[in-house]
S.K.: 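A single structure is presented below for examination.
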Protein chains: 4
Amino acid sequence: MKETKEKILLKALQFLVENDYERVSLNSIADGIGITKGGIYHYFGSKEELFQECLRTVFSKMQNITMNSLKGDYSLEELLRGLFSFETYLNEFEKNTGIDFAGNYLNFSYLMFMGIKKFPAIKELITEIYRGMQKDLENLISHLQTEGDVRKEIDCRQLAFELVAMAEGVMLISEFTSDIDFTTIGESLVQSTLKRVQA
Amino acid sequence: MKETKEKILLKALQFLVENDYERVSLNSIADGIGITKGGIYHYFGSKEELFQECLRTVFSKMQNITMNSLKGDYSLEELLRGLFSFETYLNEFEKNTGIDFAGNYLNFSYLMFMGIKKFPAIKELITEIYRGMQKDLENLISHLQTEGDVRKEIDCRQLAFELVAMAEGVMLISEFTSDIDFTTIGESLVQSTLKRVQA
Amino acid sequence: MKETKEKILLKALQFLVENDYERVSLNSIADGIGITKGGIYHYFGSKEELFQECLRTVFSKMQNITMNSLKGDYSLEELLRGLFSFETYLNEFEKNTGIDFAGNYLNFSYLMFMGIKKFPAIKELITEIYRGMQKDLENLISHLQTEGDVRKEIDCRQLAFELVAMAEGVMLISEFTSDIDFTTIGESLVQSTLKRVQA
Amino acid sequence: MKETKEKILLKALQFLVENDYERVSLNSIADGIGITKGGIYHYFGSKEELFQECLRTVFSKMQNITMNSLKGDYSLEELLRGLFSFETYLNEFEKNTGIDFAGNYLNFSYLMFMGIKKFPAIKELITEIYRGMQKDLENLISHLQTEGDVRKEIDCRQLAFELVAMAEGVMLISEFTSDIDFTTIGESLVQSTLKRVQA
DNA sequence: TATGAATGAGGGTTCATTCAT
DNA sequence: TATGAATGAACCCTCATTCAT
């Protein structure tokens, strides 16, 4: 049945969020879903294959989420506000995967870095995701520019890059800075960006 | 002699940049510097202890670098330009550690994430580094504000946070976006920040 | 198959009789029965677990032997003679375990002491064995007392303790005293005990 | 200085009472007395040599104690009472070695068994001790027999053996039987022995 | 489709021992 | 007389992998 394979992938992902690759044993996965180690080899040729598929699945879902979040007919302000409401991402993600990142951006980042170091193919996937986000954002901004909502002198491509980078950076740094409020930061970024970009 | 201990630490760090923690074996380190596995235990009580000291050293050096980079009597423009000249960091770092990150920010980030997940003590060290950077930056901006170079309505603390986050985010995202130039990005960020902040 | 597990247990016991715990390596056990070291971990979670089960098995069998030896409708003389025919124990034991103690009571004692020092659970088992022996003996003596074969003033419980202690002591000391004959000793003890106990 | 060597021996013994041979490392001994592992090799050619000398010392002291305890002009009752006042042994021993057996006969027995299994030479020493005890006891009893205090038909040699065995056995078994009082047992043995032996 | 026995390579760790100083 | 660096062998243990069933 398909169920078993998906159970394996899910358990693998769950453990991968908690421990690192080498620490996650096929045994623990098998135990976790009530099958035998050997059974895993019916669905995956090797541990690497399993985890590669696992990560591919994760980041595919992530791509869907980010793509959908940038479709639609947003005003500039709505666009920015969506971009800087960081928690939405992880929540959306948890809804789609069933994996609880516990609001922990570190765990998610670690997954990304680990995937990249281990599987070159994953790096391309992730690159694709960010590239897509930037492209979508660029298009939206460009559209707003055409309609006169964004200043003419703005380089849409670069702005898109900056915005994505900023969002990412804030999520990362906020892990190390407990005395600053997420929502305040988000709103502040929205306002300062509006000020320098809005026509 | 002290040489051996430092050779061990250096080799450990070198391997850690390339592979992940579990993959780096004491065997390979020992082989790499021409001693026996058992010899490592003359200097370190365990693998964990070795790598913790290894990471502690790395991040201590990083702290020194970042702290020094934010001392001095900068104008607002100089300050921002220093903040967004990303390559300077890694270069400075390589000069101090002898470790070649090959302009690869991912490897460095991985080191950070791994350290945080594995050693709580390291997390505190890193938190301290970022907190320090933000505090130093806040003070510098605050000073500039007193002198009338920065707008009165700016919240210095929050601006400091945003700037650090942005710098970090750009370095990270740029790893996935090969078609944008680092120097251009940096200069553009300097300009747009000046525009919204300068009195 | 169950065979392998039992082979492991048996080999472990055999080596344990010869060397001490720390000296018996899983390697030697594995080699001794033609499997791999890793194979042992299919049946036992750790070296300790293996040897604990090993000792538990040994002492359980011992319990059975001693219990059976004290059941039945013996006369006082038969009872004592059974108690002081030391070799019977070890012979019986070898029949049940296949382990050759080579008439060497020291090896067996060592097993006991080692088990006690290392595994608290084993200590309780052994305590139980001796307590059982004493209780059974006490009941038998008490029964004989009721029937008028044992003097009224005898404290059955204490006599039981003394007899067990004496039997044990003789077995132990005889290891260091080669110039005294076991059978003579046994018979002599039977006679002197009869003299002071028999009604 | 002689001090160091004795410190080593003493520390070795102390650890040997607590852990078993393989578990006691030269490192822990060296640490325990504030010297280096290498320093031990100035006094002992190997670990085995050290511990053999260590055990030899222990059992030599034991021999002195037991020998002295059976010298003197005792009455039969005094003799027996001395023999069955078990705690005296360990106390005397602790006074001479500084090692605390914590009233724990098991630890002492274990030392004996371990020594025997590991060093054949030690076995002979111990055999000698017991043989000596039996011989001394035999002489004392024989002397009492000549004086008419012990029945004529008693085989002195065998009685000596029995008494030593009983004492040993009681100490051993009492470790497993917590609900019987040492002093009561001792006194009871004295009485019952008197009854069957005294002229 | 899945089990379970077994392998074999490798990992971290301990420790007696050596030796230059 | 003692240190301290270093070795090397052995140890327990883990785990991905294979394969007969």
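What's counted below: heavy atoms across the whole structure, side chains too, no hydrogens, waters or symmetry copies. Order of the sequence lines fixes the chain letters, A, B, ..., with proteins taken first and strands second; residue numbering starts at 1 for each chain.
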S.K.: With A/K5 as the cation and A/F44 as the aromatic partner, state whether NZ or CZ is under 6.0 Å from the six-membered ring centre and within 45° of the axis.
M.R.: yes
S.K.: Please report, rounded to the nearest Å, how far the P atom of F/dA2 is from the NE2 atom of D/H42.
M.R.: 7 Å
S.K.: Quick one: which of F/dT1, E/dA6, E/dT7 gets closest to the side chain of C/I35?
M.R.: E/dT7
S.K.: Using the ring of D/Y110 (Phe, Tyr or Trp, six-membered ring only), decide whether C/K117 places NZ or CZ under 6.0 Å from its centre and within 45 degrees of its axis.
M.R.: yes
S.K.: How long is the line joining CD1 of A/I33 and C1' of E/dA2, in whole Å?
M.R.: 12 Å
S.K.: Would you give a per-nucleotide map of nucleotides 14-21 of chain E, 5' to 3', where B means the base has a protein non-hydrogen atom under 4.0 Å away, S means only the sugar-phosphate does, and - means neither?
M.R.: BSBBB---
S.K.: Using a strict threshold of under 4.0 Å (side-chain N to carboxylate O), is an ion pair present between A/E49 and A/R56?
M.R.: no
S.K.: Looking at B/D31 and B/K37, does any basic side-chain N land under 4.0 Å from a carboxylate oxygen?
M.R.: no
S.K.: In whole angstroms, how far is the P atom of E/dG8 from the CD1 atom of C/I40?
M.R.: 14 Å
S.K.: Could you go through B/K123 and B/E128, starting from their C-alpha distance and side-chain angles, then the distance that decides it, and tell me whether this counts as salt bridge (Lys or Arg N to Asp or Glu O under 4.0 Å)?
M.R.: CA-CA 8 Å; B/K123 165 151 189 175; B/E128 213 46 58; over 6 Å; no
S.K.: Just to verify, what does A/L10 make a side-chain contact (heavy atoms from CB on, under 4.5 Å) with, not counting sequence neighbours?
M.R.: none
S.K.: Check the phosphate of F/dA6 against B/T4, side-chain N and O only, distance under 4.0 Å to OP1 or OP2. Yes or no?
M.R.: yes
S.K.: Can you tell me the distance, in whole Å, between the CG atom of A/D31 and the P atom of E/dG4?
M.R.: 11 Å
S.K.: Check the phosphate of E/dT1 against A/Y43, side-chain N and O only, distance under 4.0 Å to OP1 or OP2. Yes or no?
M.R.: no
S.K.: To the nearest Å, how far apart are B/E49 CD and E/dT13 C1'?
M.R.: 13 Å
S.K.: One pair to check against side-chain contact (heavy atoms from CB on, under 4.5 Å): A/H42 and A/T4. What are the steps and the verdict?
M.R.: CA-CA 10 Å; A/H42 264 279; A/T4 303; over 6 Å; no
S.K.: Check whether C/F15 forms a cation-pi arrangement with C/K11 (NZ or CZ under 6.0 Å from the six-membered ring centre, at most 45° off the ring normal).
M.R.: yes
S.K.: Between P on F/dC11 and CD1 on C/I29, what's the gap in Å once rounded to a whole number?
M.R.: 11 Å
S.K.: List DNA chain F stems (3 or more consecutive Watson-Crick/G-U pairs, under 3.5 Å)?
M.R.: E:2-21 with F:2-21
S.K.: Given atom NZ of B/K7 and atom P of F/dA5, what is their separation to the nearest angstrom?
M.R.: 14 Å
S.K.: Would B/K47 and B/Y21 count as a cation-pi pair here, with the cationic atom under 6.0 angstrom from the ring centre and within 45° of the axis?
M.R.: yes
S.K.: Tell me which nucleotide among F/dA6, E/dA5, E/dG4 gets nearest to the side chain of A/T36.
M.R.: E/dG4
